[in-house]
Structures are given as structure tokens and as C-alpha cells.
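Here is the structure we will look at.
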Number of protein chains: 2
Amino acid sequence: MKRKITLKEIAQELDVSVSTVSKALSGSKEISEDTTKKIQAFAKLYNYKPNNIALSLKNRKTKTIGILIPEIVHHFFSTVIRGIELVANRRGYNVIVGLSNESFTKEIINMEMLANGSIDGFILSISKETLLKQDYHHFNATINQGMPIVMFDRVVNEVDCDKVIVDDLNGSVKAVNKLIEKGCKNIALITTMDYVSVGRLRTQGYIEALEQNKIEANSNLILKIDDRLDVENHLDDLELEMEQFFKINTIDGVFAVNELYAVTAMKVAKKLGYKIPDDIQVIGFTDGVLSKHASPSLTTVSQHGQKIGEQSANLLIDRLEASNTAYDKFSSDDELETDYIKVVIETKIIERESTK
Amino acid sequence: MKRKITLKEIAQELDVSVSTVSKALSGSKEISEDTTKKIQAFAKLYNYKPNNIALSLKNRKTKTIGILIPEIVHHFFSTVIRGIELVANRRGYNVIVGLSNESFTKEIINMEMLANGSIDGFILSISKETLLKQDYHHFNATINQGMPIVMFDRVVNEVDCDKVIVDDLNGSVKAVNKLIEKGCKNIALITTMDYVSVGRLRTQGYIEALEQNKIEANSNLILKIDDRLDVENHLDDLELEMEQFFKINTIDGVFAVNELYAVTAMKVAKKLGYKIPDDIQVIGFTDGVLSKHASPSLTTVSQHGQKIGEQSANLLIDRLEASNTAYDKFSSDDELETDYIKVVIETKIIERESTK
DNA sequence: TGTTAACACGAAAACGTTTTCGCTGAGAAT
DNA sequence: ATTCTCAGCGAAAACGTTTTCGTGTTAACA
């Protein structure tokens, strides 16, 4: 077992100083060609690689991005991570992942754990509990310590930082318009409680689309699911709720704010004897595995999670590397006027079998 | 913008030495009660938190685990990550994620990037390309440098390290037995090419179960999918291949080595007019979203990905913390006899609508 | 021969910790 | 009055780098 070799050991072995080794390895012309060759050969032989931690300490930057998300077993979030990892890696950064599990406390603990030097900046999506509490002090505290944050998807006005969001409103408008265009008269909405911003926006889109088409929104046709309970493990409840909903109302179109709701709606509808898309047409949000492989496969609003991740990472790294140089130029810690960017990722409707 | 405060700054501010501050904060009784109180109050006021990087450098351990997996947008792998993160966090570790994207080269690059001090140990699952090439030198090199590795799911005998695997063979035997027990006479197997160890093992389980029941395996009933092509984006090909398969053979039971194949098989079967589970019963492997939400929902062999992650993390951290003390005790770098552990996670059949 | 410039290298500081050891002064013991 | 003990604190080393600033040697120049 040969442990990793250090500059000091190379120096001792070759009877030169540590500084000489360092310079030789970086190809400094301060060192003679002879010594340089000798040192480089030796280093290669022993597979020398500089220690990242030491570099981080010296440079006061870790080349690591912290991702903080509510949940990882989730198609959308894992797609975003993939996007982040892709550009992070390409630009020489690593990615460290923390899960808040939708909990306010875990979110804070995780942030504090990472904010003490482990990372250069955050990319995060806010947990449901935090959204409910509307307590965002930990984000602002982190930013005030000089650590940049990029928020995606679940964002909030109270925090001043770069943001990457899906065009939820527009996407929903498009989806509902599509249903109308395909002949639906009584379009139901299956959504979440309002405190989740994406749920609220998608609901708003539904209403706007109806208004655009001079259709009066009927509150009976809106089903708000309480997703504080762990839906995945209470599928029966969900189905029951929807069954009631379908029985009470006459419906020929469904817009659901995520694919689980959409797929479940289809299942329930089929069970009640409706044919899809003949009797009822369905459009979901989020283009995940479920949409693709459901039968009938689901027409859906695609969020381009990977693009969101890529954009977020680019935004963060841009700011990180800009702040280096800006820092040198002005050397003023305070208030170099920062205007933050909000990137909106366009959605796209992917038509499959659940619409005519 | 107040940057993070350091020991040195506290020391200056309070006119004591850095050592005194450090000791006071750690509650050393070497420091008088007065000074201790003063320092602790000041530190709390300025929200002092020790810098992780400096600690890592000093302690020569980062309290960070590197995860290296082929793909993250994947139910099984993300579940494993969740398990790892859970126990890592509980035991004071962070988790850094690298994606090989099934590529040999990216696997190596990622390993080298992380092996230079950024992490204390690896938890990984081998990429397909690496399995194909059968080149495992990078794993052994890493281990020889004193960095422990835990492999899960896709493991290999050529590398000596702790391993956590699913009981693929037994799981498959159970699944096929279940089909036989439910009255299936002509059971088809839909599997991958043999170089993926889990595919091979599950195939083997299929054959063993048939033998146990004195049924002769019929090679016509085995469909090997070439998954080198990106299946997700070539669903049509997949369906076509299966359609041919179903047309040629008489089949009343299907065992598929993953849920995508199983769900697709159901889709094709339904299209051909078969009723599930009346005409054909289906069992898949991996209990993911698809299994749960397919219609009919899929009976499947559950792999307990989270448990795999938890076990892997515990194994790794145990070894990390043991090696500390062992190191102190013997102070011998070389060959303290290491016997590695292989943990087998039992599978469980979850019965749903696709079997009688 | 004496001054200078270039060259090749080393010493030391710095990043932020922890820890070992040594020092100082005050009170107790002799 | 002298030695001892101990409490309370500081200096310095160490972790592995990079970088700035010397410093000594040699060759070139006046």
C-alpha cells in the first residue's frame, strides 16, 4: 500500500526544496531544464497529484458545488442533478449532494454543514416545510456570508439570488389550451395546495387559459390534493379521492400538475369505464418515466429538468468566477451592485396517446 | 457582507492567542473559566464555525464519501443514494456524487478527481463499459493507495473490497417459482446481455427455477435485449422486438429482469389482445415507480435499494473509523490482514395485479 | 578587478485548524 | 528565603500547497 506522495517527499528524495518541486511541476522557467525534467519524471513515476484539500485551503475555494434538494428519488430532481453534474464536471467542479427530505430543519443543518468551507456555492430547491413556514433566514444568512446561491424550480421572492424556473404558468396555459382545442368542454384541474409555488402557478395558468377562451372556471372542477401526507404510500386514498371527484362531476378533460396525479386520474377514469382519450383526455406536467410508459402513454408538459440543471450550474459558476476577478478589481467587500438573473426555461408539450 | 470569522480574528479581537481561543471553544479546562466564557460568547455572537477544509487538512480525513454510479435518473440508483445519504448524514459524513454515465473513461476521470484528498472512501457501482472491457485497474489502484471502496449491485470478483449485492439469483428463482405455482406452463424470460452481471445472475435463476420444477428450459423463450443502445429513446424498437417474440411463441408467463422490460411486455401483450393476468402473467425485477403505477400494476421483485445504500454506507464508514484506530494500534501501513465483507440483501416479491 | 545582471534555487509565509510543549508568575511547601 | 507546583496561557509545528522574496553563483561588462 503506497500512500499518495507529497511535494515534501519528492523534495527529500531528490534533494531539492519543496518550492523547487512545486515550480518544476508547474513548468516554471525559474527552474533549470535539467532539474525540471528530473522532478517531472519522478513525479510521474510516483503518480503525484496535488492534494485537493491543501489547494482548497490555499486558494480559499473548493471547486465544489453544493446541491440541496428535497428528494432524490424523483425523476425531475434527479434529472436536474444530471444537468448540474454535467456542466460542473465540464468546468472542473465537483458536486456534493444534500437532501432536505422536505424538512425545514434538515435543510438548515445541511446548509450549515456545507457552508463552512466545503463548497463554493449552492444550487437548491426549497423544501415544502420551509415554504409553509415562509422562513428564509438561512438562505439570506448564507448569501450574506458571501456564498452565492442559485435557486431552481421552487423559488421565492424573499431571497435575492439567481433563479432558474420553469415557465409553469405558460406551460399550463398551453396545456389547457391544447385540451380546449381538442374539443374538451369540461376540463378538470388536479393540483396541489397553494403554498407550493409551482402548484399555485400551474393553477393560475389553468384559470387564465379558461378565461382566454371565455370559459367560466368552475371551482367544483378543481381538486386540490393535500400532499403533506406521503402520497406514494397512500395511493389508495389518492385514488379514492379522485374516484369521488370523477363521480360527482362531468369531465371530458383533465389537466394534472404532475405526472403521478395524471396517471392516477387515468387509472381511476378507466376503472369507472371511461375510454381515454375518447371520453376523457388527459395532460400531465413533468415528462418522466411514468408519462412515457403509462398506457395509454401520457401527453405531458415537459420541463427539461436537465436544462434547468445546466443553466443553474452555469449561472453559479459564472458568478463564482466573476466574483474572483471583480474582487481583485474593486477589492470592496460590500455592495458591488449585484443584479440577479432569473432564467425562465420554456416548456414544451409532448403529445402522446392520452389526447386525441 | 460579513465573511466567516476565523480563530485568528477572534484572537486578535480579544487579545489572546489563537491556541487559547481554540482551547476555550473546545472547552479545555486548561483555560480559565473567565476567558472561556468571554471567548465562547464572542464566538457565538459572530457565529463562529470551524472551517471544514482546514480541519480536513489537519486531520487528513474529509468526512466525505464519494459515490460513483453509472446514472442518476434511475429509480434504483437514486434510491441507493438516498440510503447512503441517510446514514452518512446521521454519522456526520457528506456525500459527493459522480456520474460515470456508463463510460469507462468518465469513471476513471471521476475517480481520479475525487481520490486526491477530496473524499475518504468510495461507494460505487461499475459502469457497463468497464464491465465489458473487464479492466478494473483503477479500482485496485485506488484501494492500494489506502482508499477503501464499497461496491454495490454491479460488483466483480477481480476487485477485493466490501460488497453489497442483491440476491439476484434467489430473487429470480422465487419469481419464476411464483409463476409456476400460479399455473404458468410456458414462461418466457426477457433479459439483458450476459456481460451485465445482474442480467446473467437473473437469467441463471430463471433456469434453475425451471430445473427445480423439472421443466426443460427452451431457448426460444429467452429474449436477450441488447441494451448497449439507449433503450429509453428506442422504445419502438424494443416493442417491435417483443411483438415478434410474442407472435412466434406461446407464452403464458413472463419474467423480466427489470421493470421497463416488464411494463413494455405488458403493453405489447395487451396490444396483441392478451388479458393480463388472465392469459399472461408478468413479474418484473426492481420495485420502482413504473411497477407501482402501471396498469395493471406489476408484481415485482423488490431490491430494497435504500437498504443497499444504508448497508454500503455503514460498511464504508465502519471501515474508515476502524482503520483509524487500527492504524494507531499497529502503526503498520502494510497488510493488516483484511477480510472483506459481502453483504447480500434479500429480495422480496411484491404481488400486484399482473399475477393471479 | 570590481560591478552588475541573469540564473537557479531555497526559506518562509500564508490558508485555518489542533495539539504539544514551554514559559511565566503566584501561592504553597520547606 | 528558597524551592516546588500548578494554573493559565502562548509559541510553534503540522497538514500540503503556492508564491514572494531573498541569496549565492556564475558570466558578462566596464
Side-chain angles (χ1 to χ4, degrees), chain A residues 3-40 42-43 46-64 115-120 145-146 324 327-328, chain B residues 3-40 42-43 46-64 115-120 145-146 324 327-328:
Chain A
R3 285 216 106 70
K4 301 232 68 172
I5 198 170
T6 68
L7 285 189
K8 199 204 270 191
E9 289 162 344
I10 300 185
Q12 282 171 345
E13 214 62 36
L14 262 50
D15 247 329
V16 291
S17 78
V18 176
S19 5
T20 305
V21 178
S22 174
K23 289 170 190 164
L25 290 179
S26 67
S28 159
K29 49 185 307 190
E30 211 179 313
I31 306 298
S32 77
E33 207 173 322
D34 274 6
T35 343
T36 303
K37 285 220 167 127
K38 191 177 60 180
I39 293 179
Q40 287 185 342
F42 190 88
Y46 282 88
N47 191 30
Y48 170 78
K49 297 273 167 49
N51 180 302
N52 284 331
I53 297 293
L55 285 180
S56 297
L57 184 59
K58 180 133 230 326
N59 302 331
R60 292 144 114 240
K61 60 176 77 150
T62 60
K63 291 268 181 180
T64 302
N116 298 312
S118 302
I119 61 167
D120 295 340
Q145 286 186 0
N324 286 341
Y327 211 66
D328 288 351
Chain B
R3 285 216 105 71
K4 300 234 68 174
I5 197 169
T6 67
L7 285 188
K8 200 204 269 190
E9 289 162 342
I10 300 185
Q12 282 170 348
E13 214 63 35
L14 262 49
D15 248 329
V16 291
S17 79
V18 175
S19 0
T20 305
V21 178
S22 173
K23 289 171 191 164
L25 290 179
S26 65
S28 160
K29 47 185 310 191
E30 212 178 315
I31 307 298
S32 77
E33 208 172 322
D34 274 9
T35 342
T36 302
K37 284 220 167 129
K38 191 177 61 178
I39 293 179
Q40 287 185 343
F42 190 89
Y46 281 88
N47 190 31
Y48 170 79
K49 296 274 165 53
N51 180 302
N52 285 330
I53 296 293
L55 285 181
S56 297
L57 185 58
K58 178 132 229 325
N59 303 330
R60 294 145 116 240
K61 61 178 74 152
T62 60
K63 290 265 178 183
T64 302
N116 299 311
S118 302
I119 61 168
D120 295 340
Q145 286 184 3
N324 286 340
Y327 212 66
D328 288 353

In numerical order, the residues of residues 18-28 of chain B whose heavy atoms come under 4.0 Å of DNA chain D are Ser19(B), Thr20(B), Lys23(B)
Asn116(B) and side chain to side chain contact (heavy atoms under 4.5 Å, CB included): which partner among Leu55(A), Ile53(A), Asn52(A)?
-> Asn52(A)
Evaluate the side-chain proximity of Asn47(A) to Gln145(B): yes if any heavy-atom separation is below 4.5 Å, no if none is.
-> yes
Flag side-chain contact, heavy atom, 4.5 Å: Lys4(B) against Asn51(B) | no
Would you say Tyr46(B) has more than 12 foreign heavy atoms packed within less than 6.0 Å of its OH?
-> no
In residues 46-58 of chain A, what residues come within less than 4.0 Å of DNA chain C, judged by heavy atoms?
-> Leu57(A), Lys58(A)
Cut-off 3.5 Å, no hydrogens considered: what does the side-chain donor-acceptor table look like for residues 6-15 of chain A, sequence neighbours left out?
| residue | atom | partner | partner atom | Å |
| --- | --- | --- | --- | --- |
| Thr6(A) | OG1 | Lys8(A) | N | 3.4 |
| Thr6(A) | OG1 | Glu9(A) | N | 3.3 |
| Glu9(A) | OE1 | Thr6(A) | N | 3.0 |

Locate the shortest heavy-atom distance separating [X] from [Y]; write the atom from each residue and the value.
X: Ser56(A); Y: Thr62(A); answer: OG-CA, 3.6 Å
X: Ala43(A); Y: Leu25(A); answer: CB-CD2, 3.6 Å
X: Ile39(B); Y: Ala24(B); answer: CD1-CB, 3.6 Å

Residue pairs meeting salt bridge (Lys or Arg N to Asp or Glu O under 4.0 Å), one or both in residues 17-34 of chain A, sequence neighbours left out, come to Lys23(A)-Glu30(A), Glu33(A)-Lys37(A)
Nucleotide interval of DNA chain D bounded by contacts with chain B (heavy-atom cut-off, under 4.0 Å) | dG8(D) to dG16(D)
Axial bend angle, the helix from dT1(C)-dA30(D) to dT30(C)-dA1(D): five-pair end segments, nearest 10° | 90°
Take Ser28(A) and Ser26(A) through the test side-chain hydrogen bond (donor to acceptor under 3.5 Å, both in side chains) and record every step on the way to the result.
-> CA-CA 6 Å; Ser28(A) 159; Ser26(A) 67; 5.5 Å; no
